[in-house]
Number of protein chains: 2
Amino acid sequence: MSTSDPADRRGPDGPDRAADLPPVIARLWGRSAPPRRGPKPALSVERIVRAAVDLADAEGLAAVSMARVAESLGYSSMALYRYVESKDELLVLMADAVAESLTLPPLPEGDWRAGLEAWTRAQIEGVLARPWYLDLPLTTAPVGPHRLRWIDRAFAMLEPLGLTMDETLQIVGLLAQHVLGEGRVQVETRRAAAETVRSAQGLPGDTPERDLDERALAAANPYADYELVLSRLADPETYPALTRALTTWEPAPAAPDDWESDVGFGLDIVLDGIEAFVARRTGGRPGSAGPARTA
Amino acid sequence: MSTSDPADRRGPDGPDRAADLPPVIARLWGRSAPPRRGPKPALSVERIVRAAVDLADAEGLAAVSMARVAESLGYSSMALYRYVESKDELLVLMADAVAESLTLPPLPEGDWRAGLEAWTRAQIEGVLARPWYLDLPLTTAPVGPHRLRWIDRAFAMLEPLGLTMDETLQIVGLLAQHVLGEGRVQVETRRAAAETVRSAQGLPGDTPERDLDERALAAANPYADYELVLSRLADPETYPALTRALTTWEPAPAAPDDWESDVGFGLDIVLDGIEAFVARRTGGRPGSAGPARTA
DNA sequence: ACAGAACAGCGGATCACATAAACAGTTTCT
DNA sequence: AGAAACTGTTTATGTGATCCGCTGTTCTGT
């Protein structure tokens with residue numbers, strides 16, 4: 001396709017044919033050729049990424065500035081640019097580093113559904129452990145080695161079903177979407193609950209979530225804003241269905257730590273849907289099946 | 001819950017009991033009391049939001065700075081702060097404004113599935129028309145009047161099923177997630193395709209997407225990066241399933257403008273899942289049903 | 001060995017941005 | 001009239017990404 005700029009600098013000491021890769025990808029896969037001259041690099045992409053991840057873990061993604069990362073390593077901001085093209089690239093590298101730190105769930109033989117459920121849950125839990133993951137400007141494109149391992153695992157689970165590559169990719173993509181979506185909702189819910197508790201107990205706004213009363217957290221009404229808005233602002237003519245729903249609403253028993261089952265709700269639905277697709281596709285009656293292409 | 005700071009400034013000329021709302025919500029709902037003294041405001045929240053939306057439409061969300069928005073209205077940056085608490089609040093207002101501009105699909109009687117499908121598709125199309133929507137720091141919490149109308153509509157569709165409010169909310173939430181997830185994937189895919197075409201045809205990187213050859217766009221392989229990575233970097237032992245999948249892969253007929261059906265793929269699965277839930281829940285056999293609470 | 005190229009990390013500077021503080025003019029209430 | 005409540009502006013502060021040129025280091029080829 002693209003034949004411009006051959007740039008024939010071959011790796012001198014071995015069959016290193018990975019020289020003309022897009023730089024992001026090269027760095028993701030650790031395939032950047034080591035410099036052959038000049039001072040020995042004091043830093044490394046790995047150390048930088050680790051420092052950035054640590055910073056994000058401690059203070060959130062907003063705290064991850066080039067200056068702060070460099071400072072935490074004892075260098076100046078500009079030093080980082082010798083290893084990383086831009087901050088955006090650093091963020092991409094961080095995303096893959098996160099995938100590395102997550103332990104891949106085992107591959108249960110013969111039960112793709114259980115496998116995919118574990119696969120998805122593990123990732124959602126990963127997101128909950130690292131909420132800043134959601135703030136990364138994630139593109140699907142640059143594929144790092146560790147995220148790719150997750151994808152491979154999902155493919156392995158779906159392999160026995162004999163679907164098309166396109167179909168498999170779509171399903172995996174759907175679940176990956178679901179991870180992010182559900183992760184966002186859960187993180188958001190927790191954050192809102194924490195906020196509520198803090199303001200109700202008069203704690204300072206920066207009280208860490210660990211220090212909050214667990215019972216109070218679970219009891220916090222996640223629909224508080226909803227109720228406020230509906231009761232005070234939304235007139236019944238414009239919002240008839242919501243109004244009706246609210247009047248017949250009873251606040252639910254509020255099980256402590258309902259997050260587990262909340263995650264299950266959406267996930268079960270998605271998995272049911274996938275199961276329906278698989279059934280239609282493999283055990284399919286003719287007519288309603290078809291290879292997912294409507295032209 | 002919170003009984004502090006009564007702040008008894010009542011609206012003087014009417015039963016305006018909406019004075020002590022959180023300011024974001026007041027502004028979302030246009031319930032900020034007009035000033036009773038001082039010069040007449042030259043600007044308005046509406047004009048500011050509209051200007052911001054226009055800017056985002058034209059140049060993306062990154063171009064929306066307080067300075068640029070103000071400039072486009074002929075005022076200084078700081079003027080905006082008389083109407084809006086912060087930039088974040090402006091973004092929240094923009095989100096609701098987008099919802100306003102989307103036309104709500106009609107409510108088909110007696111077919112909740114068709115209704116929800118249209119509901120979701122309309123929103124995904126909205127996202128495609130305004131990709132910057134995905135860049136907004138969207139929280140579920142601050143509910144604006146126009147987004148709420150969408151939610152009401154979904155509730156109306158699900159109402160005949162007699163589900164719990166919680167269940168309905170979960171389902172609607174799931175679909176809302178799906179809108180964002182699918183929107184992201186679609187936007188990403190298009191962007192990547194545009195990039196590919198641009199680089200293949202040697203066009204400058206800032207060529208607007210409108211000017212690209214439609215046929216070339218459709219033909220662009222969305223998995224180019226995948227293929228590159230898998231063929232050059234990923235060794236078969238570490239990525240066995242993907243490697244196998246890639247070898248048996250045939251590039252698919254590449255129907256022009258396949259986006260419609262691509263959206264349908266994931267959406268059908270989700271809707272199938274919802275249908276399964278509804279069937280289990282309403283026509284449910286005892287034992288496997290239960291009100292979605294596993295405790 | 002040695003010159004010079006290639007490279008590391010640094011310091012300073014630029015530019016854009018969000019937002020705070022103080023100000024000057026305007027309108028309305030008392 | 002005069003204070004109070006506003007409006008939009010000017011000025012300033014702090015932060016962040018990134019550019020550029022500098023100093024010193026370490027290979028490579030001779």
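Here the structure is a predicted model, which is why all the values come from computation and not from measurement. Proteins come first, then strands; the chains are lettered A, B, ... in the order of their sequence lines, and each starts at number 1.
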> In whole angstroms, how far is the C1' atom of D:dG16 from the CG atom of A:L90?
14 Å

> If I take atom CG in residue B:L91 and atom C1' in nucleotide C:dC17, what distance separates them, rounded to the nearest angstrom?
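Going from B:L91 (CG) to C:dC17 (C1'), I get 13 Å.
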
> I need the CG-P distance between A:D88 and D:dA17, as an integer number of Å.
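After rounding, the gap between these two atoms is 10 Å.
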
> Rounded to the nearest angstrom, tell me the gap between atom CZ in B:R68 and atom C1' in C:dA18.
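In whole Å, C:dA18 C1' and B:R68 CZ are 16 Å from each other.
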
> Calculate the interatomic distance between B:L80 atom CG and C:dA18 atom P; express it in whole Å.
10 Å

> Ignoring backbone atoms, test whether B:Y75 places a side-chain nitrogen or oxygen under 4.0 Å from the OP1 or OP2 oxygen of D:dG8.
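Result: no.
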
> Say whether, by atom type as modelled, one donor and one acceptor occur between the side chain of A:D96 and the main chain of A:H146 under 3.5 angstrom.
yes

> Would you give a per-nucleotide map of nucleotides 22-30 of chain C, 5' to 3', where B means the base has a protein non-hydrogen atom under 4.0 Å away, S means only the sugar-phosphate does, and - means neither?
---BBBBS-

> OP1 or OP2 of D:dG8 versus the side-chain N and O atoms of B:Y83: is any pair under 4.0 Å?
yes

> Ignoring hydrogens and geometry, is there a side-chain-to-backbone donor-acceptor pair from A:Y133 to A:A95 under 3.5 Å?
no

> How would you label the contact of B:S76 with the nucleic acid (heavy atoms, under 4.0 Å): base, sugar-phosphate, or nothing?
base

> To the nearest 0.5 Å, what is the distance between CG (B:D152) and CZ (B:R147)?
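Going from the CG atom of B:D152 to the CZ atom of B:R147 covers 14.5 Å.
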
> Considering every strand and a 4.0 Å limit on heavy-atom distances, what is the contact class for B:A79: base, sugar-phosphate, or nothing?
base

> Provide, to the nearest angstrom, the distance between the CG atom belonging to A:L73 and the P atom belonging to C:dA8.
16 Å

> Which residue, A:S65 or B:G74, contacts DNA chain D at a nucleotide closer to its 5' end, judged by nearest heavy atom?
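That would be B:G74.
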
> Identify whether any heavy atom of A:M66 sits under 4.0 Å from a base atom; if not, whether one sits that close to sugar-phosphate; answer base, sugar-phosphate or nothing.
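Here A:M66 touches the backbone only, sparing every base.
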
> Choose from D:dC6, D:dC19, D:dT9 the nucleotide whose nearest atom is closest to any side-chain atom of A:M78.
D:dC19

> Any carboxylate oxygen within less than 4.0 angstrom of a Lys/Arg side-chain nitrogen, looking at A:E59 and A:R68?
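A salt bridge links A:E59 with A:R68.
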
> Looking at residues at least two apart in the chain, or sitting in another chain, which of them share a ring pair (Phe, Tyr, Trp, His ring centres under 6.0 Å) with B:W132?
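For B:W132 there are no ring pair (Phe, Tyr, Trp, His ring centres under 6.0 Å) partners, ignoring immediate neighbours.
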
> When the distance from CZ of B:R47 to C1' of D:dG8 is rounded to whole Å, what number comes out?
13 Å

> Has the side chain of A:R47 got a donor or acceptor atom that lies under 3.5 Å from a matching backbone atom of A:A42?
yes

> Give the rounded distance in Å between these two atoms: OH of B:Y81 and C1' of D:dT10.
15 Å

> Side chain of B:Y239, backbone of A:P145: donor and acceptor closer than 3.5 Å?
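Here the side-chain-to-backbone pair exists.
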
